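Protein chains get the first letters and strands the later ones, always in sequence-line order, with residue 1 at the start of each. Keep in mind that this is a model prediction, so the values were computed, not measured.
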Amino acid sequence: MNKIVLIDGNSIANRAFYALPPLSNSAGMQTNAVYGFTTMLLRLLEEEQPTHFLVAFDAGKATFRHQDYKEYKGHRMKTPPELSEQFPLLRELLDGLSISRFELEGYEADDIIGTISRLAESQKWQVLIVTGDKDMLQLASNQVTIALTRKGISEMERYGPAEIQEKYGLAPKQIIDLKGLMGDASDNIPGIPGVGEKTALKLLHEYGSVEEVLTHADSLKGKLKERVTEHAEDARMSKDLATIFREVPVELKLEDMSYGGYDQGAARELFRKLEFKSLLERLGDAGDDAGSPQEVESLQLVRADVEGSEQLESALERVQAVHLEVIGENPHEAEVIGIALDTGDAVYTAAFDWLKQSEQAASLRQWLADAEKPKHIYDSHKAIVALHWHGLSLEGVAVDVLLAGYLLDPTQGDDTLSGLSQRYGTGWLASDEEVFGKGAKFKVPDEAITANHLARKARAVLKLAPVLKEKLEADGMRSLLEDVEMPLTRTLSRMETTGFKVDKAGLVAYGQELTAQLDTIVKDIYAQAGEEFNLNSPKQLGEILFEKLGLPVVKKTKTGYSTDAEVLDKLAPHHEIVSQIVHYRQLAKLQSTYIEGLVKEIREKTGKIHTYYRQTIAATGRLSSQFPNLQNIPIRMEEGRKIRKVFVPSEPGWQVLAADYSQIELRVLAHISGDPRLKEAFIHDMDIHTKTAMDVFGVHADEVDANMRRQAKAVNFGIVYGISDYGLSQNLNITRKEAAQFIEQYFAVFEGVKQFMTDIVKQARKDGYVSTLLHRRRYLPEIKASNFNQRSFAERTAMNTPIQGTAADIIKLAMVQMEEKLREEGLRSRMLLQVHDELVFEVPEEELGIMKQLVPQVMEQAIELDVPLKADVSYGQNWYEAK
DNA sequence: AAAGTCACG
DNA sequence: ACGTACGTGACTTTA
């Protein structure tokens, strides 16, 4: 069957113009409307596969409508020149892509489209009209669908008669009556004053048409009756104006609109001229056509939920890759919309509802949950968590290509499936952004399009898995993936779905205390400032401090005065207000992030907070925590630390148990550097900062005062961070010279550490990367930069990453082993959190004895180093007490 | 969306 | 001479 796509050229160009940033070519000519138009064209060509295609434009200023009503479109703003000068380009583009276009003096694009759609309908063609103009809905029929752009242009909503009925309760024809009653300010169509969409719909639902409404004007009440009677003529005229004229003398024949694809060479030349880089890439510039979207391999696609559940059942044993489409960032509240399974021969797709509920999907659900059925996947973590909340489980992950990609290069920018496919050359895959849109424009497209995209994702996973696995093997990270990261995914999922019980009332009560305190402080600050201002605005605060009160400017930011804690600290002696501001900042932080923020994250049903750990974010191999971040709950200041009191066990009589590694990073450093003195210190389990002070200052233990220990501690931090005299001087508030001396003294004593630092930088320069104990890698291309800053940064990173990363490796090992132990021993205790060097559990009373012995033991024995690892354990009624 | 700030290890 | 300590996430204001 023939299918024609009709585009309302002016409408779409307008939308694109206003929706997109003002992109321009090197000649300074704005091209955003053409660009937006082009991406839409390409998408329609690909997704609709039309046999015919036409773009209609408005022509001339006056149309037949102006003869009836001079003010028609009277108030409309002039088309800005930045847009009107894009129309010639647009025409050129359409010609270049062999897409027919049409315009006719005296008629608008919608009249042309109305006429052509009528002709196409009479030939029993399928018609898709693309526009931003709701008036066009009047053309909808069984054969004619209207795609309305929403907000931008990437999002389209399709309307047939059924959708119009659903949305307005009207037949397509009645759209004209709707407009007749309510008018249209943008076209300067009056309608009946005071009648908006609500009233108009009510009237139409009752009487059906403008004429009938007018006939029954007498039975209306009050003001409405008055208005309808008075403006009857306006209504009739408005309806006329809104009626699309479907008898335009279009000399073009339907056959003239046939579309048979475009010439790639011509398109390339056009895109080059217009400087559409991303579109050129899609075409595969530089003569490389392999990855262009027009030439993707065809897939044998079976919609298991609608046509082939039996086929799938018999194919299940051969499925190699699975893709679950999870919508949303937070898997604890995410929607799963569909699944795709790839055997290598065919891809089977299904809507999630079917997977979740259909009897036909029972064997598929079993297969998903079967640890003995290996399956490749992208982001098993997200899938496992999202599925959990729907009562489904996923086991038997063979290769998680997201994890594999992360290990191969944790700092690569784009770790989406599409990005990985491109990087590893396994074929072109549309990005989710292209298919779904992003931000406010995000929308799940039609089922067919979605199924296709999901299928292609499953295929992308299938192709990537062996490639990435081989690379991992070559780089010595197969075990890191299979024995650490993938098992950890399951452990994390369990921790997250278990969640941490929170005393909501306690949180709210503390919030009220803070509100009262904040109130007082704010008033005080305003009084001292002599005016009220937005304390949360660094800009306004800066004006008060540095202009009104004349305090010295310590530091500037890109945009103005700096007012951060360090600056305020220096300003404190100058004015009383400063310490108040510091206090305000502290409490405001608690209130917004840790009271209000956390309250929002408590699940109604369970009274728990479920964080989501991200396993593929940190460049060093650490985890990160989101929604909410439970790795940065206050502890350093007592006021903040109190927050931890609301984190309680989920069962009565249970306790919170926490165990943290003592000095794990310096112990790791002792191990990998082999420095004898550092090793010695840990073998004798000495206080490392005191020991450092003794060695650096050359004094006895009893001669180390608090200040010396503090300075030594800062030096140790500096060592771990990749030391620089400048950084240390900043931290200790001393001169760079003094800092440099400290460092020199340190290196004189800890020669092994010094050696390690120089070696690791050399190695990074030679190999281009540094590694952790478990062979985790981080590439540091900037280690060769000529820019001092870039290079220095890379050098510090080279020193820090093996330390921080190895510590991350170790606690990951401990977590996996801990989970195993709990299962083996049949313990009911549950692991809840990881905070980089700390694990938190909830423990039944009767397991307290075993757990306070077992947890540190597992942590300490997770791996054997040249120095002992040490973990301290504590427990209490809540997280605060476990200190 | 970026910048500034601050919470944690 | 150069001028930053390493790694994260959340909130608020502002452009």
Side-chain angles (χ1 to χ4, degrees), chain A residues 21 329 410-411 438-439 533-542 555-568 581-582 584-598 600-601 611-614 617-637 639-641 643-644 660-665 669 714-732 736 739 743 770 778 785-805 807-808 811 833-838:
Chain A
E329 291 243 343
T411 53
K438 69 166 180 176
F533 62 102
N534 189 342
L535 253 174
N536 291 321
S537 162
K539 188 173 171 228
Q540 292 181 35
L541 177 62
K555 191 167 71 172
K556 301 200 96 179
T557 64
K558 276 185 227 174
T559 53
Y561 311 112
S562 171
T563 67
D564 65 19
E566 188 195 322
V567 170
L568 295 180
I581 292 166
V582 172
Y584 169 83
R585 284 252 175 99
Q586 196 196 348
L587 300 188
K589 177 87 176 181
L590 289 179
Q591 184 77 293
S592 66
T593 303
Y594 297 105
I595 302 288
E596 290 162 4
L598 287 180
K600 277 187 219 141
E601 297 288 348
T611 189
Y612 177 50
Y613 286 106
R614 299 217 39 196
I617 296 295
T620 54
R622 275 189 175 183
L623 298 175
S624 83
S625 158
Q626 291 181 319
F627 320 129
N629 182 355
L630 292 186
Q631 291 183 318
N632 70 347
I633 302 301
I635 189 167
R636 294 173 188 166
M637 304 294 259
E639 281 154 305
R641 191 174 196 157
I643 297 285
R644 295 182 173 225
D660 67 308
Y661 279 114
S662 164
Q663 302 298 346
I664 188 167
E665 291 189 335
L669 176 61
V715 172
N716 279 328
F717 268 93
I719 293 295
V720 168
Y721 291 158
I723 196 133
S724 75
D725 49 13
Y726 186 83
L728 184 64
S729 72
Q730 288 291 297
N731 190 278
L732 283 177
R736 214 175 70 223
I743 294 167
V770 292
R778 179 173 182 182
S786 55
N787 179 305
F788 174 87
N789 275 330
Q790 289 184 356
R791 190 177 62 250
S792 301
F793 188 17
E795 288 171 357
R796 292 194 299 274
T797 310
M799 300 184 236
N800 170 264
T801 294
I803 303 172
Q804 190 182 121
I811 196 166
L833 297 181
Q834 186 251 46
V835 193
H836 308 306
D837 66 351
E838 175 189 12

Kindly give the heavy-atom pair with the smallest separation between [X] and [Y], and that separation in Å.
X        : Y        : result
A:Glu601 : A:Phe627 : OE1-O, 3.4 Å
A:Ala808 : A:Thr620 : CB-O, 4.5 Å
A:Ala739 : A:Asp725 : CB-O, 3.2 Å
A:Gly640 : A:Leu590 : CA-CD2, 3.5 Å
A:Ala618 : A:Pro410 : O-CB, 4.4 Å
A:Asn632 : A:Tyr594 : O-OH, 2.6 Å

Look at the side chain of [X] and decide which nucleotide, out of [options], has an atom nearest to it.
X        : options              : answer
A:Ile617 : B:dC6, B:dG9, C:dT8  : C:dT8
A:Leu728 : C:dA15, C:dA5, C:dT4 : C:dA5
A:Phe717 : C:dT8, B:dA1, C:dA5  : C:dA5
A:Ala619 : B:dT5, B:dG9, C:dT8  : C:dT8
A:Ser624 : C:dT8, B:dC8, C:dG3  : C:dT8

Contact check, side chains of A:Leu598 and A:Ile633, non-hydrogen atoms, under 4.5 Å |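 A side-chain contact under 4.5 Å exists here.
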Heavy atoms only, 4.0 Å cut-off, all strands: where does [X] land among base, sugar-phosphate and nothing?
X        : value
A:Ala739 : nothing
A:Gln540 : sugar-phosphate
A:Asp837 : sugar-phosphate
A:Val835 : sugar-phosphate
A:Ala807 : nothing

Ignoring hydrogens and geometry, is there a side-chain-to-backbone donor-acceptor pair from [X] to [Y] under 3.5 Å?
X        : Y        : value
A:Thr563 : A:Pro538 : no
A:Gln540 : A:Leu535 : no
A:Gln834 : A:His836 : yes
A:Arg791 : A:Ser786 : yes
A:Thr611 : A:Gln626 : yes

Using atom [atom1] of [X] as one end and atom [atom2] of [N] as the other, report the distance to the nearest whole Å.
X        : N      : atom1 : atom2 : result
A:Tyr584 : C:dT13 : OH    : C1'   : 12 Å
A:Leu833 : B:dA7  : CG    : P     : 20 Å
A:Ile723 : C:dC6  : CD1   : P     : 12 Å
A:Asn716 : B:dG9  : CG    : P     : 17 Å
A:Lys558 : B:dA1  : NZ    : P     : 17 Å
A:Ile633 : B:dC6  : CD1   : P     : 18 Å
A:Arg622 : C:dG9  : CZ    : C1'   : 13 Å
A:Gln591 : B:dC6  : CD    : P     : 17 Å

- Query: Rounding to the closest angstrom, what is the interatomic distance between B:dA7 and C:dC2 at atom P?
  - Reply: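 Straight-line distance between the two P atoms is 32 Å.
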Q | Rounded C1' spacing from B:dC6 to C:dG3 in Å | A |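 Going atom to atom, C1' in each nucleotide, I get 23 Å.
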side-chain N/O [X] vs [N] OP1/OP2, d < 4.0 Å:
X        : N      : answer
A:Lys539 : C:dT14 : no
A:Arg636 : B:dC8  : yes
A:Thr559 : B:dA2  : no
A:Arg778 : C:dG7  : yes
A:Thr620 : C:dG7  : no

query: Quick check: are there more than 12 heavy atoms from other residues, nucleotides or ligands sitting under 6.0 Å from CD of A:Gln790?
result: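 Buried by this count: over 12 neighbours within 6.0 Å.
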Pair A:Ser625, A:Gln631 - check side chain to side chain donor-acceptor pair (under 3.5 Å), show working.
CA-CA 6 Å; A:Ser625 158; A:Gln631 291 183 318; 4.9 Å; no
Listing time: all N or O pairs from protein to nucleotides 10-12 of chain C that are below 3.5 Å?
unit_1, atom_1, unit_2, atom_2, d
C:dA10, OP1, A:Phe627, N, 2.8

Item to complete: Write out the stems for DNA chain C, ordered by first number and formatted as range with range, counting runs of at least 3 consecutive Watson-Crick or G-U wobble pairs under 3.5 Å.
Response: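 Expected stems, ordered by start: B:1-9 with C:6-14.
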Exercise. Heavy atom of residues 789-804 of chain A under 4.0 Å from DNA chain B: which residues?
Worked result: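 Here the set is A:Gln804.
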